[in-house]
Every structure is written in C-alpha cells, then in structure tokens.
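Quick note: numbers below take in every heavy atom, side chains included, and nothing from hydrogens, waters or symmetry partners. Since the model is a prediction, treat every value here as computed from it, not as a measurement.
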Amino acid sequence: MGIVLGPNRYGKAETRVVRVVRDGERHELRDLNVSVALSGDLDATHVSGDNAGVLPTDTQKNTVYAFAKEHGIDQPEDFGLRLARHFVATQPTVHSARVHIEQYGWHRLGPHSFQRDGAETRTATVTVDGAGEWVVAGLADLVLLNSTDSEFWGYVKDPYTTLPETKDRVLATAVSARWRFASTTVDWAASYAGVRAALVAAFVETYSYSLQQTLYTMGRRALEERPEVVEVRLALPNKHHLLVDLSPFGLDNPNEVFVAADRPYGLIEGTVRRSDAPSYDGAF
C-alpha cells in the first residue's frame, strides 16, 4: 500500500487592506480582509522541499496591496475575481485560486470622517480554475429578532426531554448566509442589497413554527426575488431567550423579561437551491 499526497493548497490569510479614494474633499473608504489560497502542481514542495513552483505567500500579500492601488476597490466580488484570475494566469504551477473577502462597513460622518458600522459583515468568495469561475457572495452576523409570532411544539419527546412546548416565544438569530451565482456578470452591489432585503423580509414576515421553517422561507424568498442567484446556504444559530422566573419576588412575568443565553445554542443549517442549478466545483 503506497502513500500519496492528497489535495492541498496554500496562501496568505487575512491580509487587511484599507483603500482611501482621495478624489476631492469627499473621500471614499473600503475596508477588506482578504485571504488567498492557491492549488495546483505543488507536489514537489511537499515531498522534497523543492520550492521552484511556489509563489511566496508574502508575494500574494503584496499583490493585494498593489492591486488595491493600481485598480482600486469597488465591489469585493470584482476585486476577488481580478486577484484570482491574476494568480492563475501568471503562475504556471497554479491551477486554481480561491479568494475570500470580508468587507467591513463604515458609516459616513462627514467628507472625510467615518464611523465603523456595527452591522453584518459582507463576504465574497471567488474561485478561478481550469473548469470555470464561481462567485459566492454572503454575509455574516446579521442579528435579527422577532419578539412574537414564533411557536415551537409537537416535537419528539424522550426520557431526557425537559423543554416545555410554547405557542409564543422570542425568535432571535445571527444570520450567516452565502449565495452563489450562475455567472460572473452581475451587478454585485444591487444583488447584495436585494438578497439581504429578501432575507430580512422573509424573517420579519414569517409566522414561525420552527427555525427550520424560517430558514427555508428565507432561502426561497431570496431565490424568488433574485434570478441571478441559484443557491443559498444559511446557518442560523438559535439565540435562546429564556423567560426569567420572577415568582420568588412575587412578580408575574407574562413573556416580558428574558435572559439572553449565549451558549449552548441550537444551530440550524440548510441549503435552498434551484432544481436546475448548474453544477459547482468551487469553494462555498
């Protein structure tokens, strides 16, 4: 029985780059965290230490900075595509490049003054290889809460079940969502805003009997409203809000005072896709 090297990749993770556009008195700001991963003909460096085909990760970092200056940063999807295409096109040993980007929002306070947003983080993952190009957009830590219109009952009960059924509960989550496109010719800014709005609207407007039901409704609505999207993957932690027992103090608590428990928590994950969605070989 022989021993062989399996799938592998390498790159520079979490390169922080802030790009300021100084076009007149009103400045623009982009704040990214960029991670690059390359794969291809890299057996030699693993097996014998021959680095002739290795592009240093420090070079990858420098490329991020140089491209930020030379090409600017508008939409993270476009910036990721430009980087991934560059690495595959210029390095004979690199057959696949994956670029994952987190974009942090800033709220404008003046022509050149900004405040860091406390909202969700926008994400984009781009994969370029010999088989094609794929873009997966997304968001993380979008915190949503419904104070009512949520029930949970009728579930399996066994000797270890202590959870009481409820017909009125707080439903809260921190949405992590990723969605992929059928092509790379997309208005990225409009698409991101549209998918985000669809996810939020579905959460707000759904009378929920389970977080699983809410997840499916959110993914379905994004697909219904955004034809450029072919698949949505969601991870919804159930941010439990537990009713506080105020009876020791002679007080009633008709679903008004809760403790927000941070752990442990239920984690609901699922994928909603079009039945005719094209095959996908990239990283999600």
Side-chain angles (χ1 to χ4, degrees), residues 3-22 28-106 116-117 120-141 176-181 184 186 188 192 233 235 280-284:
I3 297 174
V4 297
L5 176 68
N8 59 85
R9 64 187 184 189
Y10 81 108
K12 183 66 87 175
E14 300 199 40
T15 297
R16 293 285 282 107
V17 55
V18 175
R19 176 67 156 92
V20 178
V21 178
R22 302 178 183 276
E28 299 294 336
L29 186 70
R30 290 291 186 272
D31 185 356
L32 305 183
N33 191 24
V34 182
S35 295
V36 176
L38 309 179
S39 60
D41 293 331
L42 298 167
D43 288 11
T45 187
H46 291 87
V47 176
S48 66
D50 181 355
N51 296 321
V54 175
L55 181 71
T57 64
D58 189 68
T59 304
Q60 298 172 36
K61 174 202 68 179
N62 293 339
T63 304
V64 171
Y65 293 138
F67 274 36
K69 169 57 180 174
E70 294 174 0
H71 306 290
I73 300 173
D74 185 13
Q75 300 303 310
E77 293 87 353
D78 286 325
F79 191 65
L81 280 166
R82 187 182 296 275
L83 284 167
R85 289 166 178 167
H86 165 80
F87 291 124
V88 172
T90 62
Q91 301 302 316
T93 59
V94 174
H95 300 165
S96 176
R98 175 180 180 266
V99 179
H100 177 71
I101 297 176
E102 298 173 341
Q103 178 174 309
Y104 308 116
W106 289 81
R116 175 73 178 267
D117 281 344
E120 78 281 356
T121 299
R122 179 176 173 179
T123 65
T125 303
V126 173
T127 303
V128 174
D129 60 26
E133 299 180 344
W134 297 272
V135 176
V136 176
L139 54 83
D141 296 324
S176 290
R178 294 161 293 165
W179 53 92
R180 68 179 176 100
F181 303 89
T184 58
V186 175
W188 304 117
Y192 178 83
R233 298 188 183 183
Y280 175 64
D281 297 325
F284 223 121

Close side-chain approach of V18 and L29, heavy atoms under 4.5 Å
yes

Test ring pair (Phe, Tyr, Trp, His ring centres under 6.0 Å) applied to Y104 - qualifying residues, sequence neighbours left out:
none

Taking every non-hydrogen atom, the tightest pair across A97 and A84
CB-O, 3.7 Å

Shortest non-hydrogen contact from A68 toward I73
CB-CD1, 3.9 Å

Measure the CG-OG1 distance between L139 and T123 for me, rounded to the nearest 0.5 Å.
6.5 Å

side-chain contact (heavy atoms from CB on, under 4.5 Å) filter on H46, not counting sequence neighbours, yields L5, N8, L42

For the pair R16 and D31, evaluate side-chain contact (heavy atoms from CB on, under 4.5 Å) and give the outcome as yes or no after the intermediate values.
CA-CA 8 Å; R16 293 285 282 107; D31 185 356; 2.5 Å; yes

Given 3.5 Å as the limit, does a donor-acceptor pair link the side chain of Q75 with the main chain of W188, or not?
no

Under a 3.5 Å distance rule, please check whether T45 uses its side chain to pair with a backbone N or O of N51 as donor and acceptor.
no

For R85, the option from V99, T90, V128 that meets side-chain contact (heavy atoms from CB on, under 4.5 Å)
V128

Would you say V34 and L83 make side-chain contact, with heavy atoms under 4.5 Å?
yes

Would a 4.5 Å heavy-atom cut-off, applied to side chains only, mark L38 and Q91 as touching?
no

Show, in sequence, the C-alpha distance, side-chain angles and deciding distance for F79 and V64, and conclude whether the side-chain contact (heavy atoms from CB on, under 4.5 Å) test is met.
CA-CA 9 Å; F79 191 65; V64 171; 4.3 Å; yes

Output for pair (T121 OG1, I101 CD1), nearest 0.5 Å, gives 13.5 Å

Could you check whether any side-chain heavy atom of D129 comes within less than 4.5 Å of a side-chain heavy atom of H95, counting everything from C-beta outward?
no

E77 pairs by side-chain hydrogen bond (donor to acceptor under 3.5 Å, both in side chains) with which of R122, R82, Q103?
R122

Enter the distance from R19:CZ to E28:CD here, rounded to the nearest 0.5 Å.
11.0 Å

Shortest non-hydrogen contact between G105 and R116, atoms and distance
O-CD, 3.4 Å

Heavy-atom closest pair, residues L55 and Q60:
O-NE2, 3.2 Å

Between S176 and D141 the two heavy atoms that sit nearest each other are OG-N, 4.1 Å

Which atom pair, heavy atoms only, marks the closest approach of R98 to T125?
NE-CG2, 3.6 Å

